[in-house]
Protein chains: 2
Amino acid sequence: MSRPEPLSPEVNAAVDAILEAILYLYTESRRITKEVAKRASLTGPQLTVVKILEQIGDLSLSELSDRIRAQNSTVTGIIDRMEREGLVDRVRSTEDRRVVRIRLTKKGFALAREVSVEPMEMFRAALDELSGIEQRDLLTILTKLAKRVQMMVHDGRKET
Amino acid sequence: MSRPEPLSPEVNAAVDAILEAILYLYTESRRITKEVAKRASLTGPQLTVVKILEQIGDLSLSELSDRIRAQNSTVTGIIDRMEREGLVDRVRSTEDRRVVRIRLTKKGFALAREVSVEPMEMFRAALDELSGIEQRDLLTILTKLAKRVQMMVHDGRKET
DNA sequence: GCAAGATGTTTCGCGTGCGAAATATCGATG
DNA sequence: CATCGATATTTCGCACGCGAAACATCTTGC
């Protein structure tokens, strides 16, 4: 809503530093996921999908897209390649024939069990070294921040 | 370093939430950059490159890669397309003929001036709504976290 | 029951993004 | 000065990742 005022320089510096840190953490987390996935001859996104399906069972393609925060068209491609490798099956739903349910195959389950290590182990360890208070603060502030951004995005789109 | 112990469930939940928030913020920041870039018929990375070159002048391809945290091979592609559009020039360095310096063209500069809005305006606004204390805390904790991860990555790579 | 719109998925074209191998040049060592 | 290892960039093949358009199926209004 209220259009952002020009901010003071030191705030800008802090913002830059915060964004820098977030970018770094994100990049690193992705790199690590990829590295873990490689041990099972998977790509990062594929490992994510396998783990999700292992934990919560079949999902429609759209539900899966929501989970991993990607567009349907992206997930279609990922599932194509996983199906080709025999990791998942596409099962047309009988109730609504538009929807496709994605199901882990035996091979897929085997792989999921094999890579039991959580991809985020390193982050967990790093976070664990923070004090309990710091953890709580971090979560609180990040959540608040995410919520604000979400609101702005949601009802924004009016001003340049 | 000490191998990570299995962590308690509530810590795991907090970690998941924190990672979730970071993922969200990152994704959103990227989406916003893209949207801003679109106004100038640029892609997200291209806008980033244009803005960097505007602010600090010519850079070698490697220096540019470092700045935007991407591999050289990725940046080669980005610069290829930008050169095709007449936004930048490749200038072979005379001192060291291996290096290529990337230089904004007049057209590139014009575009950079045109998109004067900071892509991160929305984040700045969101962060600005946090209290000063929260901002400081967030920065402190994120920095600490990034540093820890960095250390782990740096001297890790020993255990499975 | 059927036309019109809504919803779920795929297709297409394009732009990243990466790692490994190729290429070009530099610098040091003999 | 020939060669060998280091450094800068490009090429290649592949896997995302997106938005727009196409397609299939469902639902609603009539």
Side-chain angles (χ1 to χ4, degrees), chain A residues 23 26-38 40-50 58-85 87-103, chain B residues 23 26-38 40-50 58-85 87-103:
Chain A
L23 176 59
Y26 172 82
T27 307
E28 211 44 56
S29 93
R30 225 171 120 152
R31 206 187 55 68
I32 293 168
T33 302
K34 197 171 182 176
E35 197 178 308
V36 172
K38 205 172 172 183
S41 309
L42 292 175
T43 65
Q46 287 175 8
L47 174 58
T48 306
V49 168
V50 161
D58 305 7
L59 283 180
S60 78
L61 191 125
S62 298
E63 289 166 343
L64 196 50
S65 305
D66 287 347
R67 289 265 171 187
I68 69 179
R69 256 184 232 298
Q71 298 304 120
N72 282 346
S73 52
T74 300
V75 178
T76 294
I78 294 172
I79 297 301
D80 280 351
R81 288 178 289 271
M82 292 180 73
E83 201 178 15
R84 197 204 301 148
E85 297 297 323
L87 300 173
V88 296
D89 280 336
R90 274 185 168 92
V91 184
R92 207 97 217 174
S93 162
T94 48
E95 314 147 18
D96 186 339
R97 304 241 318 275
R98 289 170 302 179
V99 337
V100 173
R101 304 199 69 77
I102 314 298
R103 206 177 49 185
Chain B
L23 175 60
Y26 173 83
T27 306
E28 212 43 55
S29 92
R30 222 171 122 151
R31 207 186 55 67
I32 294 169
T33 303
K34 197 171 182 174
E35 198 178 308
V36 172
K38 206 172 172 184
S41 311
L42 291 175
T43 65
Q46 287 175 7
L47 174 59
T48 306
V49 167
V50 161
D58 304 8
L59 284 180
S60 77
L61 190 124
S62 298
E63 289 166 342
L64 197 50
S65 307
D66 287 347
R67 288 265 170 187
I68 69 179
R69 257 184 231 296
Q71 298 304 121
N72 282 346
S73 51
T74 299
V75 179
T76 294
I78 294 171
I79 297 301
D80 280 351
R81 288 178 288 271
M82 292 180 74
E83 200 177 17
R84 196 203 303 148
E85 296 297 323
L87 301 172
V88 296
D89 281 337
R90 275 184 166 93
V91 185
R92 207 96 218 175
S93 162
T94 48
E95 314 147 17
D96 186 338
R97 303 242 317 277
R98 290 170 302 180
V99 336
V100 173
R101 304 199 71 78
I102 315 298
R103 206 177 48 185

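Heavy-atom basis, side chains included; hydrogens, waters and symmetry copies ignored. Below, chains carry the letters A, B, ... as their sequence lines are ordered, and counting in each starts from 1.
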**Prompt:** Would you say a side-chain N or O of B/R81 is under 4.0 Å from OP1 or OP2 of C/dT16?
**Reply:** yes
**Nearest-angstrom distance from the residue atom CG of B/L59 to P of D/dA8** = 14 Å
**Fill in**
Rounded to whole Å, CD1 of B/I78 lies from C1' of D/dT9 at a distance of 15 Å
**Message:** I want to check one thing: is the phosphate of C/dT16, taken as OP1 and OP2, less than 4.0 Å away from some side-chain N or O of B/T74?
**Reply:** no
**Asked** Taking NZ from A/K38 and C1' from D/dA15, how many angstroms apart are they, rounded to a whole number?
**Response** 14 Å
**Message:** Looking at B/R30, I'd like to know whether one of its side-chain N or O atoms comes within less than 4.0 Å of OP1 or OP2 on C/dG17.
**Reply:** yes
**Message:** Return whichever of B/A70 or B/T94 has its heavy-atom-nearest nucleotide of DNA chain C closer to the 5' end.
**Reply:** B/A70
**Message:** With a 4.0 Å cutoff (strictly under), does any side-chain N or O of B/R90 reach OP1 or OP2 of D/dT9?
**Reply:** no
**Prompt:** B/M82 CE to C/dC14 P: how many Å, rounded?
**Reply:** 19 Å
**Asked** For B/S73, which contact category applies under a 4.0 Å heavy-atom criterion: base, sugar-phosphate, or nothing?
**Response** base
**Item:** Nearest heavy-atom neighbours spanning A/R90 and A/T76
**Value:** NH2-O, 3.4 Å
**Proximity to the side chain of A/R97 - top-ranked nucleotide from D/dT25, D/dT9, D/dC16** = D/dT25
**Request:** Check whether any side-chain heavy atom of A/V75 sits under 4.5 Å from a side-chain heavy atom of A/I102, and report yes or no.
**Result:** no
**Message:** Counting only side-chain nitrogens and oxygens, does A/Q71 get under 4.0 Å of the OP1 or OP2 atom of D/dG17?
**Reply:** no
**Asked** Are OP1 or OP2 of D/dC16 and a side-chain N or O of A/T43 less than 4.0 angstrom apart?
**Response** yes
**Fill in**
Rounded to whole Å, CZ of A/R92 lies from C1' of D/dC26 at a distance of 13 Å
**Request:** Could you walk me through whether A/R31 and A/E35 pass salt bridge (Lys or Arg N to Asp or Glu O under 4.0 Å), step by step?
**Result:** CA-CA 6 Å; A/R31 206 187 55 68; A/E35 197 178 308; 3.1 Å; yes
**Prompt:** Donor-acceptor pair under 3.5 Å: do we get one between A/R98's side chain and the base of C/dT9?
**Reply:** no
**Message:** Side chain of B/L61, heavy atoms from C-beta onward: which of D/dC18, C/dG15, D/dT10 has the nearest atom to it?
**Reply:** D/dT10
**Request:** Please check if the side chain of A/D96 supplies one atom and the backbone of A/R98 the other of a donor-acceptor pair under 3.5 Å.
**Result:** yes
**Prompt:** Between B/E95 (CD) and C/dA24 (P), how many Å, whole number?
**Reply:** 22 Å
**Asked** Quick one: is B/Q46 getting a side-chain N or O under 4.0 Å of the C/dT16 phosphate, OP1 or OP2?
**Response** yes
**Message:** With side-chain contact (heavy atoms from CB on, under 4.5 Å) as the criterion, how do A/V88 and A/R103 come out once you've worked through the C-alpha distance, each side chain's angles and the decisive distance to 0.1 Å?
**Reply:** CA-CA 5 Å; A/V88 296; A/R103 206 177 49 185; over 6 Å; no
**Request:** Measure the distance from OH on B/Y26 to C1' on D/dG17 and round it to the nearest whole Å.
**Result:** 11 Å
**Asked** A/N72 has an atom CG; how far is it from atom C1' of D/dC16, in whole Å?
**Response** 15 Å
**Asked** Could you state the interatomic distance from CG (B/D89) to CD (B/E83), rounded to the nearest 0.5 Å?
**Response** 6.5 Å
**Request:** Kindly point out which of C/dT11, D/dC18, C/dT25 is positioned nearest to the side chain of B/K34?
**Result:** D/dC18
